[in-house]
Amino acid sequence: MSAQSEPLFVVVQGHKLEVQRIAGSARTLVFLHEGLGSVAMWRDFPARVAQATGCSAIVYSRYGYGQSEVLEAPHGVDYMHREALESLPELLAKLEVSEPVLVGHSDGGSIALIHAAAHREVAGVVAMAPHVFVEDISVASIAEAKTAFQATDLPEKLSRYHADAGRTFRGWNDIWLHPDFRAWNIEECLPKISCPVLAIQGFDDEYGTMAQLDAIARQAGGPVELLRLASCRHSPHRDQPAVVIEAMSRFIDRLEGGA
């Protein structure tokens, strides 16, 4: 298994962020978590990918998530753009990371795409269950999550991964259910992405349809590889980890000039 450091903290945009580094000899993978994710919620997936590819890795919890600084104010509709265009560039600069491969899940996949559209030095993007526009299925499932948070032990489960599970949940849930968020759309970013993209989605994804992958394939400015997975819901790296790691390994090998 790749050497995994103890979490460290880096101040970005005035907020303390939880960061974990995994040693490797090749280029750096940067893991961008989902809307309720964190360093801990990735579990051993980043280490497994690092071991399979020989890459180093950076895994971090965004502001308001995991053990990073607790969210103080509600997110705006532009929160993923701000993360991609303000916070992530500062974090990469402070950690002296150049030409990364961004590995994003859900919100993290969207952030990776927005960042890659504005930063041509990105070597590649792996986007798992990304959102490029809002669908009815997304809003319906997020509304169901709100009910589950109010009526089940979901707060207790999330508290294992977040310093303040209530603020983390509401920060994500409230903005996705806000009427203004229905117009959120990043399709204008896609033609500006010149690096290779591996886009992955499950047929049983409860938060989005294959229309997301189709939009990326149709509009991205660089080469796109699609991986559509059966028996897979919103988290391909949890539902089909072996298949995802194999696909990522091939994708990264091609970035490095492999066959």
Side-chain angles (χ1 to χ4, degrees), residues 1 4 6-9 15-20 22 30-49 57-75 79-80 83 103-112 127-131 134-135 137-178 181 200-208 229 231-245:
M1 189 65 71
Q4 190 166 298
E6 290 298 316
L8 58 99
F9 291 90
H15 302 294
K16 186 174 68 173
L17 303 187
E18 172 193 23
V19 178
Q20 189 168 70
I22 300 172
V30 179
F31 286 81
L32 302 156
H33 62 71
E34 62 182 292
L36 289 176
S38 65
V39 169
M41 197 170 281
W42 280 111
R43 300 176 185 171
D44 66 346
F45 181 73
R48 292 176 65 185
V49 175
I58 289 172
V59 192
Y60 77 103
S61 297
R62 297 191 293 275
Y63 168 50
Y65 294 89
Q67 301 309 308
S68 293
E69 196 168 317
V70 173
L71 191 68
E72 295 178 354
H75 287 306
Y79 78 98
M80 283 186 267
E83 183 66 35
V103 182
H105 173 217
S106 192
D107 280 16
S110 306
I111 291 165
M128 298 183 288
H131 307 286
V134 180
E135 297 183 272
I137 188 175
S138 310
V139 175
S141 291
I142 290 168
E144 290 177 7
K146 181 176 182 178
T147 299
F149 192 81
Q150 294 169 337
T152 71
D153 64 348
L154 181 57
E156 180 183 351
K157 290 179 178 178
L158 288 176
S159 68
R160 302 169 192 165
Y161 303 102
H162 302 286
D164 190 323
R167 290 193 188 184
T168 295
F169 182 84
R170 288 189 294 273
W172 165 77
N173 194 262
D174 288 355
I175 190 57
W176 268 91
L177 295 181
H178 195 288
F181 200 76
I200 305 171
Q201 187 151 0
F203 282 106
D204 302 320
D205 192 334
E206 66 274 32
Y207 286 97
L229 296 173
S231 302
C232 180
R233 289 165 60 86
H234 189 56
S235 300
H237 60 295
R238 287 199 286 268
D239 291 349
Q240 297 283 358
V243 177
V244 171
I245 291 172

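Every value quoted in this text rests on a predicted model; they were computed, and no experiment measured them. Any value given below was found using the heavy atoms of this structure, including those in side chains, with hydrogens, waters and symmetry copies removed.
Minimum heavy-atom separation, L71 to G171: CD2-CA, 3.8 Å. The nearest pair of heavy atoms linking I200 to P236 is CG2-CB, 3.8 Å. Across every non-hydrogen atom of L177 and V139, the tightest pair is CD2-O, 3.7 Å. The minimum heavy-atom distance linking P46 with V59 is given by the pair CB-CG2, 3.7 Å. Taking every heavy atom of both residues into account, F149 and A165 meet most closely at CZ-O, 4.2 Å.
Among residues two or more places apart in sequence or in another chain, the side chain to side chain donor-acceptor pair (under 3.5 Å) test is passed with R233 by E206. Partners of Y60 under the ring pair (Phe, Tyr, Trp, His ring centres under 6.0 Å) rule, at least two apart in sequence or in another chain, do not exist in this structure. Contacts of E34 classified as salt bridge (charged side-chain N to carboxylate O under 4.0 Å, His left out), with partners at least two apart in sequence or in another chain: R238. The side chain to side chain donor-acceptor pair (under 3.5 Å) check on D205 picks up Q201, H234, with sequence neighbours excluded. Listed by chain and number, the residues in a salt bridge (charged side-chain N to carboxylate O under 4.0 Å, His left out) with D174 amount to none (sequence neighbours excluded).
Between the side chain of D164 and the backbone N or O of R167 there is at least one donor-acceptor pair closer than 3.5 Å. Counting only distance, with no hydrogens or angles, the side chain of Y63 and the backbone of E72 share a donor-acceptor pair below 3.5 Å. At distances below 3.5 Å, at least one donor-acceptor pair connects side-chain atoms of T168 with backbone N or O atoms of G64. S61 contributes no side-chain N or O that, together with a main-chain N or O of S68, makes up a donor-acceptor pair within less than 3.5 Å. In this structure a side-chain-to-backbone donor-acceptor pair under 3.5 Å is present from S141 to I137.
In this structure, R48 is not positioned above the aromatic face of F45 in the sense of NZ or CZ being under 6.0 Å from the six-membered ring centre and within 45° of the axis.
In this structure, CG on D239 lies 9.0 Å from CG on L229, to the nearest 0.5 angstrom. With values rounded to the nearest 0.5 angstrom, L154 atom CG is found 4.5 Å from L158 atom CG. Going from atom CE of M41 over to atom OH of Y65 covers 10.5 Å, rounded to the nearest 0.5 Å. L32 contributes atom CG, which lies 6.5 Å from atom CZ of R62 (distance to the nearest 0.5 angstrom). From L36, atom CG reaches atom CG of N173 across 8.0 Å, with rounding to the nearest 0.5 Å. Separation of atoms CD1 (I175) and CD1 (I142) is listed at 10.5 Å; rounding is to 0.5 Å.
Under the 3.5 Å distance criterion, with hydrogens and angles disregarded, a donor-acceptor pair is assigned to the side chains of S106 and H131.
Classified by interplanar angle (parallel below 30°, tilted 30° to 60°, perpendicular above 60°), the ring pair W172/F169 is perpendicular.
A 4.5 Å side-chain heavy-atom check between E69 and L17 finds every atom pair outside the cut-off.
Within the 6.0 Å centre-distance limit, the rings of H237 and H105 are counted as a close aromatic pair.
A side chain to side chain donor-acceptor pair (under 3.5 Å) check over residues 149-161, counting only residues at least two apart or in different chains, returns the pairs R43-Y161.
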